[in-house]
Amino acid sequence: MSFSLSGKKVWVSGHRGMVGSAVMRRLAGEECQLLTVGRSEVDLMRQVEVEDWMAEARPDVVIVAAATVGGIHANSTRPAEFIHDNLMIANNVIDAAHRTDVEKLLYLGSSCIYPRLSQQPIPEDALLTGPLEPTNQWYAVAKIAGIKLCQAYRAQYGRDYISAMPTNLYGPGDNFDLMSSHVLPALMAKLHAAKLAGAASVTIWGSGKPLREFMYVEDLADALVFLLKAYSGEEHVNVGVGTDVSIAEVAAIMAKVVGFQGEFVHDLDKPDGMPRKLMDSSRLLSMGWKPSTNLEDGLAKTYQWFVEQEAHRNDRG
Ligand code: GFB
């Protein structure tokens, strides 16, 4: 089974985000035409705007990388935005894709769709087998709805709309704002600032015990293009690296990458979230894809990008 991107018009929704921009870079190497549209032209939460634009642009392929995303604090303090925005984006884009006869659509979810206390590593069929992690249940419900939309349009209209569930991601283009970011960009920004200031310690949220699986975003982009070409199934596919680390361990690795020699202190008023979410990505591996960037190298590349961005910001400002 293989789908050719050659000569196709591919719309990457969310092309300015970390995932979308990595997918754009990866697709630049394919013989397809890339379509993008900015938020000021089309608000993906407005059905008519999405329908009108798609009827005009006529993509053959759609990648739904657009989403309202954030780390544990953003998820737990902005529940309405996380459920509303992501439901609207999924509903509007997937339905408009069907109406405009989009041949192939790839919807992106997240490993937080799985029950809080899933078996580990988490196989695809753990979905909807138990209660969700409360800190990100809103986002998870919207992402589960996106998977089900793809399955429903496949079942009723025979659409080749598939879903991929990436693990926790990091890389160039990430959000480094401390109150809305995920753990890795937050630690990078905090450690960098502490190094420059000669600070003695940096604060880590929670106990440091939760385990997370981290994937470099360029690897994810490669996996997504692989799935577009090679996968046409109803069930969503996990996209992970197969190993996880504790938050305390990854903080120590990050300190080495950044060159910070002080200590860590824990803010136990902040939540830990899911104790562990290591995905079972054997289905993807058995199709013949594997990640190529280890955590240390991915963090080093991301830090280099971060430092360059800081330098640009300082030059401009
Ligand atoms: O990456 P993160 O925000 O999200 O947090 P989740 C992961 C772990 O790192 C949690 C801890 O145990 C945090 O308490 N942590 C330590 C920190 N220091 C920090 C810090 O400075 N900032 C942040 N943000 N965390 C999100 C979900 O869950 O993961 C989303 O809320 C999504 O829905 C995303 O699925 C991938 O891994 O806990």
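On a predicted model such as this, the values are computed, not experimentally measured, just so you know. For ligands, and for the atoms within them, numbers begin at 1 and follow the listed sequence.
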Check this for me: does any side-chain nitrogen of one of Lys8 and Glu103 sit under 4.0 Å from a carboxylate oxygen of the other? yes

Run the side-chain contact (heavy atoms from CB on, under 4.5 Å) test against Ala164 and tell me which residues pass, sequence neighbours left out. Leu106, Leu108, Leu224, Leu227, Val239

Residues lining ligand 1 [heavy-atom distance under 4.0 Å, listed by chain and residue number]: Gly70, Gly71, Ile72, Asn75, Ser110, Cys112, Asn136, Tyr139, Asn168, Ser181, His182, Val183, Ala186, Lys190, Ile204, Trp205, Pro210, Arg212, Ile247, Pro271, Asp272, Lys277

Going by ring pair (Phe, Tyr, Trp, His ring centres under 6.0 Å), name the residues that satisfy it together with Trp53, two or more places apart in sequence or in a different chain. Trp11

Could you tell me whether a side-chain N or O of Arg159 sits under 3.5 Å from a main-chain N or O of Ala152, the two making a donor and an acceptor? no

Got a sec, which residues hit side-chain contact (heavy atoms from CB on, under 4.5 Å) with Thr77, two or more places apart in sequence or on another chain? His73

With a 4.5 Å cut-off on side-chain heavy-atom distances among I, L, V, M, F, W and Y, is there a chain of contacts connecting Ile72 to Met18? no

